Amino acid sequence: MAQATARHILVDSEAKCEELKKAIEGGQDFAEVAKQHSSCPSGRNGGDLGSFGPGQMVPEFDKAVFNSELHTVLGPIKTQFGYHLLEVTSRS
(Lines give C-alpha, C1' and ligand atoms only; values in the text may rest on other atoms or scores of the structure.)
Protein backbone atom coordinates (compact mmCIF):
# COMPACT_ATOMS: atom_id res chain seq x y z
CA MET A 1 0.00 0.00 0.00
CA ALA A 2 1.18 3.51 -0.78
CA GLN A 3 2.60 5.57 2.08
CA ALA A 4 3.38 9.25 2.30
CA THR A 5 4.87 11.70 4.76
CA ALA A 6 3.75 15.28 4.82
CA ARG A 7 3.62 18.42 6.90
CA HIS A 8 0.93 21.06 7.04
CA ILE A 9 -0.13 24.39 8.47
CA LEU A 10 -3.73 24.86 9.60
CA VAL A 11 -5.29 28.33 9.83
CA ASP A 12 -8.86 29.63 9.98
CA SER A 13 -8.97 31.77 6.82
CA GLU A 14 -8.07 31.44 3.18
CA ALA A 15 -6.48 34.90 3.27
CA LYS A 16 -4.12 33.89 6.11
CA CYS A 17 -3.27 30.70 4.24
CA GLU A 18 -2.36 32.70 1.11
CA GLU A 19 -0.27 35.11 3.20
CA LEU A 20 1.72 32.27 4.77
CA LYS A 21 2.19 30.53 1.41
CA LYS A 22 3.72 33.72 0.00
CA ALA A 23 6.04 33.96 3.01
CA ILE A 24 7.24 30.38 2.52
CA GLU A 25 7.68 30.87 -1.23
CA GLY A 26 9.64 34.02 -0.35
CA GLY A 27 12.13 32.01 1.67
CA GLN A 28 10.69 31.52 5.15
CA ASP A 29 11.10 28.03 6.59
CA PHE A 30 7.91 25.91 6.41
CA ALA A 31 8.53 24.37 9.85
CA GLU A 32 9.08 27.75 11.50
CA VAL A 33 5.92 29.17 9.91
CA ALA A 34 4.02 26.10 11.15
CA LYS A 35 5.35 26.56 14.69
CA GLN A 36 4.31 30.21 14.73
CA HIS A 37 0.94 30.06 12.96
CA SER A 38 -0.61 26.58 12.78
CA SER A 39 -3.60 25.89 15.02
CA CYS A 40 -3.03 22.13 14.70
CA PRO A 41 -1.08 20.39 17.50
CA SER A 42 1.35 19.21 14.79
CA GLY A 43 2.46 22.83 14.47
CA ARG A 44 4.81 22.50 17.43
CA ASN A 45 6.62 19.79 15.41
CA GLY A 46 6.90 21.97 12.33
CA GLY A 47 3.60 20.66 10.99
CA ASP A 48 4.91 17.09 10.65
CA LEU A 49 2.05 14.61 10.15
CA GLY A 50 4.27 11.54 10.06
CA SER A 51 3.62 8.61 7.73
CA PHE A 52 0.15 7.59 6.55
CA GLY A 53 -1.62 5.72 3.80
CA PRO A 54 -4.60 6.44 1.55
CA GLY A 55 -7.83 6.90 3.48
CA GLN A 56 -6.19 7.85 6.77
CA MET A 57 -6.63 11.59 6.24
CA VAL A 58 -9.63 13.62 5.09
CA PRO A 59 -10.45 13.17 1.35
CA GLU A 60 -9.13 16.63 0.41
CA PHE A 61 -5.73 15.69 1.89
CA ASP A 62 -5.67 12.27 0.26
CA LYS A 63 -6.27 13.76 -3.17
CA ALA A 64 -3.47 16.31 -2.73
CA VAL A 65 -0.96 14.01 -1.02
CA PHE A 66 -1.19 11.11 -3.45
CA ASN A 67 -1.50 13.17 -6.66
CA SER A 68 0.93 16.08 -6.32
CA GLU A 69 4.61 16.82 -6.69
CA LEU A 70 6.92 16.30 -3.74
CA HIS A 71 8.40 19.29 -1.88
CA THR A 72 5.88 21.77 -3.29
CA VAL A 73 3.73 23.96 -1.05
CA LEU A 74 0.11 23.15 -1.89
CA GLY A 75 -2.93 25.12 -0.88
CA PRO A 76 -4.99 26.62 0.38
CA ILE A 77 -6.79 23.31 0.81
CA LYS A 78 -10.16 23.69 2.54
CA THR A 79 -11.37 20.96 4.90
CA GLN A 80 -13.87 20.87 7.76
CA PHE A 81 -10.97 21.89 10.04
CA GLY A 82 -10.05 25.10 8.18
CA TYR A 83 -7.50 26.00 5.52
CA HIS A 84 -4.26 24.10 5.07
CA LEU A 85 -0.92 24.52 3.40
CA LEU A 86 0.49 21.11 2.66
CA GLU A 87 3.90 19.83 1.64
CA VAL A 88 4.40 16.18 0.71
CA THR A 89 7.91 15.24 1.87
CA SER A 90 7.97 11.62 0.63
CA ARG A 91 5.82 9.00 -1.04
CA SER A 92 6.35 5.31 -1.76
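Since this is a predicted model, take the numbers as computed values, not measurements. Note: hydrogens, waters and symmetry copies are ignored here, and every other heavy atom, side chains too, is used.
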Would you find a donor on one side and an acceptor on the other, under 3.5 Å apart, between the side chain of [X] and the backbone of [Y]?
X	Y	result
Arg91	Ser68	yes
Asp62	Gly55	yes
Lys21	Leu85	no

For the residue pair [X] and [Y], what are the closest heavy atoms and their distance?
X	Y	value
Ser38	Gly43	CB-CA, 4.0 Å
Lys78	Glu60	O-CG, 3.4 Å
Cys17	Pro76	SG-CB, 3.6 Å

Would you please test His8 and Ser42 for side-chain hydrogen bond (donor to acceptor under 3.5 Å, both in side chains) and show each step?
-> CA-CA 8 Å; His8 82 130; Ser42 69; 3.3 Å; yes
Sequence neighbours excluded, which residues qualify as salt bridge (charged side-chain N to carboxylate O under 4.0 Å, His left out) partners of [X]?
X	value
Lys16	Glu19
Lys63	none
Glu14	none
Glu18	none

Heavy atoms of other groups near Glu25 CD, more than 12 under 6.0 Å = yes
In terms of heavy-atom contacts, does CG of Asp12 have more than 12 from other residues, nucleotides or ligands at under 6.0 Å?
-> no
Joining Ile, Leu, Val, Met, Phe, Trp and Tyr whenever any side-chain heavy atoms lie under 4.5 Å apart, the cluster holding Leu49 also takes in Leu10, Phe52, Met57, Val58, Phe61, Val65, Phe66, Leu70, Leu74, Ile77, Phe81, Leu86, Val88
Please lay out, stage by stage, how Ile24 and Ile9 fare under the test side chain to side chain contact (heavy atoms under 4.5 Å, CB included).
-> CA-CA 11 Å; Ile24 294 164; Ile9 298 169; 3.8 Å; yes
Strictly by modelled atom types, are Gln3 and Ser51 linked by a side-chain donor-acceptor pair under 3.5 Å?
-> yes
Kindly indicate, with the supporting measurements, whether the criterion side-chain hydrogen bond (donor to acceptor under 3.5 Å, both in side chains) is fulfilled by Thr79 and His84.
-> CA-CA 8 Å; Thr79 70; His84 307 258; 2.7 Å; yes
Take Thr5 and Ser90 through the test side-chain hydrogen bond (donor to acceptor under 3.5 Å, both in side chains) and record every step on the way to the result.
-> CA-CA 5 Å; Thr5 59; Ser90 73; 2.6 Å; yes
So the salt bridge (Lys or Arg N to Asp or Glu O under 4.0 Å) pairs with at least one residue in residues 35-48 (sequence neighbours excluded) are Glu32-Lys35
